[in-house]
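Here the structure is laid out as structure tokens; the discussion comes afterwards.
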Amino acid sequence: MIEFPRTEQEVRKLEHFLTVTEKLPLDPVLNDLRERALAHAERLSNAVNIGFAGEFGAGKSSLANMLAGADILPTGPQHLKLPLVIVAYAEAPETTVGWWGKEPKVYSGIALEKAAADNPDFISVGLNTPALQEISLFDLPGAGALDESYKPTLDLLKFVDCAIWCTNGTSAWRETERHLWSQVPQELRANSLLAVTHADLPPVKDSMDRILARLNKEKGDMFRSVVPIGTPVAVRAMSQEPEPDFALWETCGGQNLAEHILEIASNRRLSDIEAARSDLEQDLMPYLDSFEPPEAEPSLPEISPIQMTLEAAMPALENPILEDWLAAIASIYEDLRESSDIEPSAFLHSCQEIVEDFAERLEQGGEINSEADWIPGEFEKATDLLLLLQFESGDAPLRDAISILAQLSDNLAWAGSRADSVQSKTGT
């Protein structure tokens with residue numbers, strides 16, 4: 001499983017900005033900020049796109065199959081003419097046929113021949129492979145720099161974040177390849193690899209040191225690294241039973257290539273994170289900090305939703321434990337309101353600690369009405385529930401936690417006064 005640097009914090013901040021500004025009147029400044037925030041959020045939420053390109057017969061589809069862990073893309077001489085094929089994550093295998101100007105259609109399972117018959121602009125194959133949750137593989141059509149076929153390849157490269165140019169080791173890095181690749185934007189070239197394929201063939205294997213010396217000298221700023229790979233051997237190594245042949249995987253270049261792909265993908269994701277952070281710190285968050293919504297009517301003192309729920313249920317009784325409870329809840333709510341960086345698990349843990357403290361206090365007795373002896377048990381149950389919520393994800397656990405706190409507050413509001421205090425106030 002490929003793991004990239006954590007992006008959840010930046011995505012949450014970007015989504016917060018988009019939510020807060022969603023209903024504000026648009027002006028050129030805000031429109032630009034929202035477009036930038038949306039672009040950052042989409043990029044950080046999507047997989048990193050790795051493109052495989054090269055001249056006809058360079059072995060790019062075989063390499064993409066190897067990294068996908070499945071023999072999906074046709075390789076070698078074949079009659080099935082395919083456009084751009086994207087291999088991405090999906091819960092169940094499916095094939096999507098796409099066109100630039102109309103709605104796509106979906107076939108269940110892997111159906112490349114059926115998809116190709118529809119004459120699409122691109123095909124997307126979905127696989128339930130963990131690594132594809134972080135990267136998507138773009139198998140570009142084979143290119144020939146001496147005819148017009150290289151133009152679509154150059155156009156399609158705009159959809160990838162990183163690229164691997166496959167060059168056949170038997171005639172590595174020809175002038176036609178150099179001519180084509182020189183037209184690729186420098187930003188992409190700096191985050192791309194030159195993969196020397198067919199490295200398992202004896203003529204290539206025997207002269208690999210000389211080939212690598214030449215290519216490393218000639219690559220200049222056109223590639224990040226030059227990596228040899230014997231794809232058929234790598235596939236055989238990983239398919240061994242009962243476990244892969246890791247020694248063979250390393251000697252054929254599979255391990256080295258995988259590490260380089262992880263590096264270029266991680267570098268791209270880091271670049272995306274840094275760009276998002278820069279916009280957040282310099283423009284987006286300062287805009288929110290300086291924004292003051294127009295006052296349509298006199299504003300009321302700020303009060304938290306929790307406090308509104310609690311105070312509505314509070315009778316006018318001498319209720320010291322409820323007062324302490326409200327103060328404790330208000331403190332963690334203020335932490336949540338003032339810090340956009342607080343982790344949901346940290347908030348839930350704080351709630352659990354407070355409920356646990358009050359459960360122990362209630363067990364000591366004397367602070368609630370004697371008829372409400374069931375309330376300490378409710379606090380103990382709430383402690384267990386809040387602990388379990390910490391192992392869940394999303395916003396639902398936070399909403400559940402707030403509901404739990406509000407219910408406990410209702411209980412204390414009803415029974416938080418001792419019977420003698422009530423009698424003294426009512427004269428009974």
Side-chain angles (χ1 to χ4, degrees), residues 1-2 50-78 80 82 85 87 110 112 125 127-132 134-143 162-174 177 181 192-216 218-219 223-266:
M1 177 67 179
I2 294 179
I50 309 290
F52 294 83
E55 292 191 315
F56 300 107
K60 58 183 181 56
S61 297
S62 297
L63 192 55
N65 281 338
M66 182 194 80
L67 294 170
D71 191 15
I72 298 172
L73 303 169
T75 60
Q78 40 81 29
L80 183 60
L82 293 175
V85 178
V87 183
I110 309 303
L112 281 177
V125 177
L127 293 177
N128 192 338
T129 301
L132 294 176
E134 302 290 355
I135 64 172
S136 296
L137 310 179
F138 281 51
D139 184 36
L140 279 66
C162 317
I164 301 174
W165 181 268
C166 298
T167 185
N168 193 325
T170 59
S171 56
W173 197 231
R174 300 186 303 167
E177 298 176 84
W181 192 250
S192 297
L193 301 176
L194 178 60
V196 183
T197 59
H198 304 294
D200 54 308
L201 298 179
V204 180
K205 187 175 181 179
D206 294 341
S207 57
M208 185 55 67
D209 289 343
R210 178 175 53 81
I211 293 173
L212 291 179
R214 175 175 67 85
L215 295 183
N216 280 310
E218 294 179 358
K219 74 178 180 65
F223 295 99
R224 187 181 186 89
S225 300
V226 179
V227 186
I229 177 67
T231 308
V233 180
V235 171
R236 186 168 69 251
M238 295 306 290
S239 62
Q240 293 299 306
E241 297 290 348
E243 65 178 20
D245 187 338
F246 293 110
L248 184 60
W249 168 253
E250 185 168 355
T251 57
C252 73
Q255 180 66 26
N256 188 35
L257 177 67
E259 291 176 355
H260 275 85
I261 291 176
L262 173 58
E263 180 185 15
I264 64 171
S266 296

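All residue numbers in this chain count up from 1 along the given sequence. In what follows, every heavy atom counts, from backbone to side chain, and hydrogens, waters and symmetry copies are set aside.
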Nearest heavy-atom neighbours spanning [X] and [Y]:
X    : Y    : result
V204 : G169 : CG2-C, 3.6 Å
I72  : L112 : O-CD1, 3.3 Å
A265 : I135 : CB-CG2, 4.4 Å
A64  : L73  : CB-CD1, 3.7 Å
I229 : G253 : CD1-C, 3.6 Å
G230 : A199 : N-CB, 3.9 Å

Is any side-chain heavy atom of [X] less than 4.5 Å from a side-chain heavy atom of [Y]?
X    : Y    : answer
L194 : S225 : no
S207 : R210 : yes
L82  : P141 : no
R224 : E263 : yes

Under the side-chain contact (heavy atoms from CB on, under 4.5 Å) test, residues paired with [X] that sit two or more places apart:
X    : value
A213 : none
C252 : V233, A234
A172 : T167, I211, R214, L215
L67  : F52, L137, I261

Query raised in the report: Within a reach of under 6.0 Å around CD of E250, are more than 12 heavy atoms found that belong to other residues, nucleotides or ligands?
Result: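 At most 12 heavy atoms, drawn from other residues, nucleotides or ligands, come within 6.0 Å of this atom.
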
Requested in this report: Report, as yes or no, whether the 6.0 Å neighbourhood of atom NZ on K205 holds more than 12 heavy atoms from other residues, nucleotides or ligands.
Outcome: no

Query - Pairs touching residues 57-74 that satisfy side-chain hydrogen bond (donor to acceptor under 3.5 Å, both in side chains), sequence neighbours left out - result: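 Qualifying pairs, neighbours excluded: K60-D139, S61-D139, N65-D71.
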
Test side-chain hydrogen bond (donor to acceptor under 3.5 Å, both in side chains) applied to [X] - qualifying residues, sequence neighbours left out:
X    : value
T231 : none
E243 : none
Q255 : W249, E259
W181 : none

Report task. For side-chain contact (heavy atoms from CB on, under 4.5 Å), just list the numbers for C166 and L63, CA-CA rounded to whole Å, side-chain angles, deciding distance to a tenth of an Å, and then say yes or no. Result -> CA-CA 9 Å; C166 298; L63 192 55; 3.8 Å; yes

**Report entry** Inter-residue atom distance S192.OG - H260.NE2, 0.5 Å rounding
**Finding:**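 Reported to 0.5 Å precision, the distance equals 13.0 Å.
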
Query raised in the report: Distance from W173 atom CH2 to N168 atom CG, nearest 0.5 Å?
Result: 13.5 Å

Query raised in the report: Yes or no on side-chain contact (heavy atoms from CB on, under 4.5 Å) for M66 and L257, after CA distance, side-chain angles and deciding distance?
Result: CA-CA 11 Å; M66 182 194 80; L257 177 67; 3.9 Å; yes

Query raised in the report: In chain order, what residues pass the salt bridge (charged side-chain N to carboxylate O under 4.0 Å, His left out) check against R174, with sequence neighbours excluded?
Result: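 Per chain and number, R174 pairs via salt bridge (charged side-chain N to carboxylate O under 4.0 Å, His left out) with E55.
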
Report summary line: residues 193-204 vs salt bridge (charged side-chain N to carboxylate O under 4.0 Å, His left out), sequence neighbours excluded, gives none

Query raised in the report: How far apart are the C-alpha atoms of F223 and L193, what are their side-chain angles, what is the distance that settles it, and do they pass the side-chain contact (heavy atoms from CB on, under 4.5 Å) test?
Result: CA-CA 5 Å; F223 295 99; L193 301 176; 5.6 Å; no

Query raised in the report: Can you check whether R236's main-chain N or O pairs, donor with acceptor, with S239's side chain at less than 3.5 Å?
Result: yes

